[in-house]
Amino acid sequence: MTQDSDQYVMSLQIPDIEADARMLGRQSKRVAILGAPLTAETDKPTAALIKGQVTAFSGNLSGQDKQDIEYTTLAAQLNSDIVVPDNQSFESMQAWFANYSKVMSNLGWVMSFSWEKYKAASQGLSVDAVIIEVLTAVASQNGAAIAKAAIDAIGKLPRDGNRIKLFNNSTMSDKAGKFLLGVASKENESLSLAFGAFALDFKTRDTTVLWFNWKSSDVSIYKDQKVATFNQDYYAKGARATLEKKMRDHVSAYVEDLDLGF
C-alpha cells in the first residue's frame with residue numbers, strides 16, 4: 001500500500017466519461033451523493049454490474065460497505081483501461097489484471113492474480129457455468145448462489161441495450177476477453193471479496209463473454225480464484241473521500257444495480 005493513499009488517489013489517472021456512459025449516467029436511477037451510501041441497507045443479497053465486473057453482495061453488508069467496493073473496483077478498472085489500452089491478446093489481459101490488482105492494493109485490498117489454464121471435464125460447457133464452477137472453490141455455497149443469480153439477471157437485460165453494450169465493450173475484443181466476478185461478504189467486521197478472474201484467448205469470437213459454449217478448439221480460458229481482504233480503516237482514513245469526489249459521476253454512469261428477484 002502507498003504511504004499516502006489520498007495523494008495516490010489524486011494522481012490516479014481516470015478517463016473522462018465517454019459519451020455513452022454520460023448518457024447512461026443521466027438515465028441512472030442511482031443517486032451519487034458525496035459522503036452518503038449509494039445503496040440502501042438491506043438484509044437481502046444484492047448485486048451490481050460495475051462496468052465489466054459483476055459483484056454480488058451478501059445480505060449483511062452496509063450501504064457504506066457496498067459503496068467502498070463499487071468505488072475501488074471501478075477505479076481499478078478505469079485506470080487499467082488507460083495503463084493497458086491494448087486488449088487484443090492474453091498477454092495484454094494479464095497486464096490489465098496486474099494493474100487492476102496494483103490499484104486495488106493501493107486502495108486497501110490485499111490481492112494479486114496468478115493464472116492457470118482451465119481444463120473442463122467435458123466439452124460444450126457454457127462460459128457462465130465455467131465461471132460459477134471456478135468461483136465455488138473460494139465462495140460460500142450461499143455466495144455462489146447469489147453470484148449465479150447476478151449472472152442470470154444480466155442475461156435478462158436487453159441484448160441490444162446500452163448496459164449490455166457497455167459491458168461487452170468492457171470485456172471483449174476481437175481476439176481476447178476478460179471477466180471478473182466477485183462475491184462480497186463480511187465476518188467479524190472484516191470485509192472480503194471472493195474473486196473469480198478470467199482471461200480468454202479467442203480463435204473465433206462470439207458476441208458476448210458469458211453466453212457462448214466453451215470449446216477448446218475455439219477459445220482458451222485462463223482462470224484464477226482467491227479471496228481478497230480489505231483494510232477498510234486504511235481506505236476510510238485516506239482514500240475514501242478523495243475517490244468519492246473524483247469518481248462520483250463515473251459511478252453514477254458505470255454502475256447498474258441488478259434485480260436478483262429475491
Side-chain angles (χ1 to χ4, degrees), residues 1-12 14 25 28-80 99-112 138-140 143 146-147 150 180-197 226-258 260:
M1 299 179 190
T2 58
Q3 294 298 312
D4 190 340
S5 59
D6 181 67
Q7 291 294 322
Y8 173 78
V9 170
M10 285 191 289
S11 66
L12 189 67
I14 299 295
S28 175
K29 295 180 181 179
R30 301 171 63 84
V31 180
I33 301 175
L34 186 60
L38 290 173
T39 52
E41 295 188 25
T42 175
D43 58 356
K44 293 182 178 181
T46 59
L49 181 57
I50 306 171
K51 197 172 183 287
Q53 175 173 333
V54 177
T55 301
F57 305 100
S58 64
N60 65 337
L61 269 63
S62 70
Q64 185 66 67
D65 294 335
K66 296 174 188 177
Q67 176 171 282
D68 288 348
I69 294 169
E70 290 174 352
Y71 270 91
T72 54
T73 56
L74 180 59
Q77 291 180 73
L78 292 173
N79 178 258
S80 297
N99 188 78
Y100 177 99
S101 64
K102 177 182 177 181
V103 175
M104 289 283 281
S105 296
N106 282 323
L107 294 175
W109 290 93
V110 179
M111 66 171 300
S112 62
V138 290
S140 67
I146 300 170
L180 276 162
L181 176 62
V183 179
S185 59
K186 196 169 190 177
E187 185 174 354
N188 297 325
E189 298 304 310
S190 178
L191 191 60
S192 64
L193 195 59
F195 265 115
K226 55 172 47 79
V227 177
T229 56
F230 190 33
N231 188 337
Q232 200 168 19
D233 288 340
Y234 170 87
Y235 174 71
K237 291 175 182 177
R240 179 189 283 161
T242 305
L243 194 63
E244 287 175 351
K245 183 177 180 180
K246 185 170 188 171
M247 289 187 51
R248 56 189 301 186
D249 291 337
H250 291 76
V251 168
S252 181
Y254 283 108
V255 180
E256 173 83 357
D257 295 326
L258 294 169
L260 300 182

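Scope of the values below: all heavy atoms of this structure, side chains included, with no hydrogens, waters or symmetry mates. We count residues from 1, following the sequence as given.
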Worksheet item: Are side-chain heavy atoms of Leu49 and Tyr254 found at a separation under 4.5 Å?
Response: no
Discussion item. Once rounded to the nearest 0.5 Å, what's the spacing between atom CD of Glu70 and atom CD of Glu244?
Written reply: 11.0 Å
Worksheet item: Can you tell if the side chain of Leu78 reaches within under 4.5 Å of the side chain of Met247, non-hydrogen atoms only?
Response: yes
Worksheet item: Checking Lys226 side chain against Val138 main chain: does a donor-acceptor pair fall under 3.5 Å?
Response: no
Worksheet entry | Residue pair Ser5, Tyr235: steps toward the side chain to side chain contact (heavy atoms under 4.5 Å, CB included) verdict | CA-CA 8 Å; Ser5 59; Tyr235 174 71; over 6 Å; no
Worksheet item: With a 4.5 Å limit on heavy-atom distance, are the side chains of Phe195 and Leu181 in contact?
Response: no
Fill in: Partner residues of Thr242 under the side-chain contact (heavy atoms from CB on, under 4.5 Å) criterion, sequence neighbours left out
Asp6, Val9, Met10
Practice prompt. Work out which heavy atom in Leu243 is nearest to a heavy atom in Ala75; give both atom names and the distance.
Written response: CD1-CB, 4.0 Å
Discussion item. Go through it in stages, so that I can follow the logic: the residues are Ile146 and Leu260, the test is side chain to side chain contact (heavy atoms under 4.5 Å, CB included), and I'd like the CA-CA distance, side-chain angles, deciding distance and then a yes or no.
Written reply: CA-CA 8 Å; Ile146 300 170; Leu260 300 182; 4.0 Å; yes
Worksheet item: Excluding sequence neighbours, so at least two apart, what forms salt bridge (charged side-chain N to carboxylate O under 4.0 Å, His left out) with Glu189?
Response: Lys186
Worksheet item: Between Glu256 (side chain) and Ala48 (backbone), is there a donor-acceptor pair under 3.5 Å?
Response: no
Practice prompt. Write down the atom of Arg248, the atom of Lys245, and the distance for their closest heavy-atom approach.
Written response: CG-O, 4.0 Å
Worksheet item: By side-chain contact (heavy atoms from CB on, under 4.5 Å), which residues pair with Ala197, not counting sequence neighbours?
Response: Phe97, Phe113, Trp115, Leu180
Worksheet, complete the sentence: Residues Ala76 and Val103: closest non-hydrogen pair is CA-CG1, 3.7 Å
Response to the item:
Sequence neighbours excluded, the answer for side-chain contact (heavy atoms from CB on, under 4.5 Å) partners of Thr55 is Ile50, Gln53, Phe57, Ile69, Leu193
Discussion item. Less than 3.5 Å apart, any donor N or O on the side chain of Gln232 or Asp65 sitting next to an acceptor on the other?
Written reply: yes
Practice prompt. Output all residues satisfying salt bridge (charged side-chain N to carboxylate O under 4.0 Å, His left out) with Lys102, sequence neighbours left out; order by chain, then residue number.
Written response: none
Discussion item. I want to check something: taking the side chain as every heavy atom from C-beta on, are Asn79 and Asn99 in contact at a cut-off of under 4.5 Å?
Written reply: yes
Worksheet entry | Donor-acceptor pair between Ser58 and Asn60 side chains, under 3.5 angstrom | yes
Item to complete: Work out which heavy atom in Ser101 is nearest to a heavy atom in Ser112; give both atom names and the distance.
Response: CB-CA, 4.1 Å
Worksheet item: Is there side-chain contact between Val255 and Leu74, with heavy atoms separated by less than 4.5 Å?
Response: yes
Worksheet entry | Close side-chain approach of Leu61 and Leu191, heavy atoms under 4.5 Å | yes
Worksheet item: How many angstroms lie between CG in Leu12 and CG in Leu107, if you round to the nearest 0.5 Å?
Response: 7.0 Å
Item to complete: Please list, chain by chain and in numerical order, all residues satisfying side chain to side chain donor-acceptor pair (under 3.5 Å) with Thr229, sequence neighbours excluded.
Response: none
Worksheet entry | Pairwise distance OG(Ser185) to CD(Glu187) - rounded to 0.5 angstrom | 7.5 Å
Worksheet entry | Closest heavy-atom pair and its distance - Ser192, Val227 | CB-CG1, 3.9 Å
Discussion item. Could you tell me if the side chain of Arg240 sits less than 4.5 Å from the side chain of Tyr71, heavy atoms only?
Written reply: no
